[in-house]
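Small disclaimer: the values here were computed from a predicted structure and weren't measured. Just follow the structure's listing: the first ligand is 1, and inside any ligand the first atom is 1.
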Amino acid sequence: MKRYTLITGASTGIGRHLAVDFAASGDNLVLVARSGGKLEELAVELRSRHGVEVLVCQQDLGRPDAPSKVLDFCAGAGLEIDRLVNCAGFSVAGDFANMPEGELYQMAMVNMVSLAAMTRLFLPGMVSRRRGAVVNIASLAAFQGVPGMAYYSGTKAFVVRLTEGLTSELRGTGVRIFAVCPGFIDTDGFYDRAGHDRSRIVTPISSPSVVVRAVRRGLDSGEIAVMPTLFDRLMVFTQRLMPRRLVVMLAGFFAGAEEKKRS
Ligand SMILES: NC(=O)c1ccc[n+]([C@@H]2O[C@H](COP(=O)([O-])OP(=O)(O)OC[C@H]3O[C@@H](n4cnc5c(N)ncnc54)[C@H](OP(=O)(O)O)[C@@H]3O)[C@@H](O)[C@H]2O)c1
């Protein structure tokens, strides 16, 4: 059986950068997202440039049956998934009271339920082979509620807590799991989808390459939650020294996603 790395959310942004990096290291890939055309284009490029096998599995992870369809796709093609990178996700900027109900369920499905289901479905194979890794792309937003991104920060806190618990369950199995927690990253799709005005973000916006390096670091270390930059680590560390209300207020100020208050 051939061994593969499966990346969700590989059509754009961070997931696409991770796909390029893994292919450059010789990994065969399964790419998952809704935009089949973009995935096919990327697959053609990676096969010709790096000589790796790349399969495309077009799925909407907002649908409850999508994770089992991805598993069936891999089993049908006779693939062993050695690494699962759960990267698909999105945010919606603005006040929670105005958030469309549909977005509430879609974000829960994509950011939490599908991520958990993919992990649940692909872990048993890794555990039985006694090797593998699950990489969950969370966010710095996981460490405090972020005004203007309150629900999103809640979904990412779920990702970090799920990952933390599983690190202990997986001890001694040969399978590694960790979360990567980036601050703001320069991917247009994320802000467009969220309706988030990037010019209001006060903290630095890093290149996706910092997330790629953080994933590599996570694969080579025992860290549970990997912060890509020194700034990210400082943000998480210094909040331990501050009153919680101040942490939340600062997070809202830095993110600039809250709706402007009417006087
Ligand atoms: N950019 C940031 O500042 C930042 C910071 C911290 C964490 N993150 C996290 O990093 C991850 C990637 O974000 P990004 O910045 O790279 O955003 P992006 O460029 O918008 O990419 C999001 C990816 O998720 C996929 N996706 C979204 N909804 C999906 C669905 N229903 N089914 C299947 N795939 C879906 C998209 O593919 P399709 O549209 O083709 O389906 C796309 O490939 C997300 O989990 C995000 O929360 C981002």
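Below 30°, between 30° and 60°, or above 60°: for Phe254 and Phe231 the angle between ring planes is above 60°, a perpendicular geometry.
Distance check: Cys87 SG to Leu61 CG gives 11.0 Å after rounding to the nearest 0.5 Å. Atom CG in Leu162 sits 10.0 Å away from atom OG1 in Thr167 (nearest 0.5 Å).
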**Message:** What verdict does the salt bridge (charged side-chain N to carboxylate O under 4.0 Å, His left out) test give for Asp21 and Arg216, after you've listed the backbone C-alpha separation in whole Å, the side-chain angles of each residue and the deciding distance to 0.1 Å?
**Reply:** CA-CA 10 Å; Asp21 181 70; Arg216 288 283 167 204; 2.8 Å; yes
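A salt bridge links Arg161 with Glu164; the closest basic N to acidic carboxylate O contact falls under 4.0 Å.
Each of Gly9, Ala10, Ser11, Thr12, Gly13, Ile14, Ala33, Arg34, Ser35, Gln59, Asp60, Leu61, Gly62, Cys87, Ala88, Gly89, Val110, Ile137, Ala138, Ser139, Tyr152, Lys156, Pro182, Gly183, Phe184, Ile185, Thr187, Gly189, Phe190, Tyr191 has a non-hydrogen atom positioned under 4.0 Å from some atom of ligand 1.
Under the salt bridge (Lys or Arg N to Asp or Glu O under 4.0 Å) criterion, Asp65 pairs with Arg63, Lys69, sequence neighbours left out.
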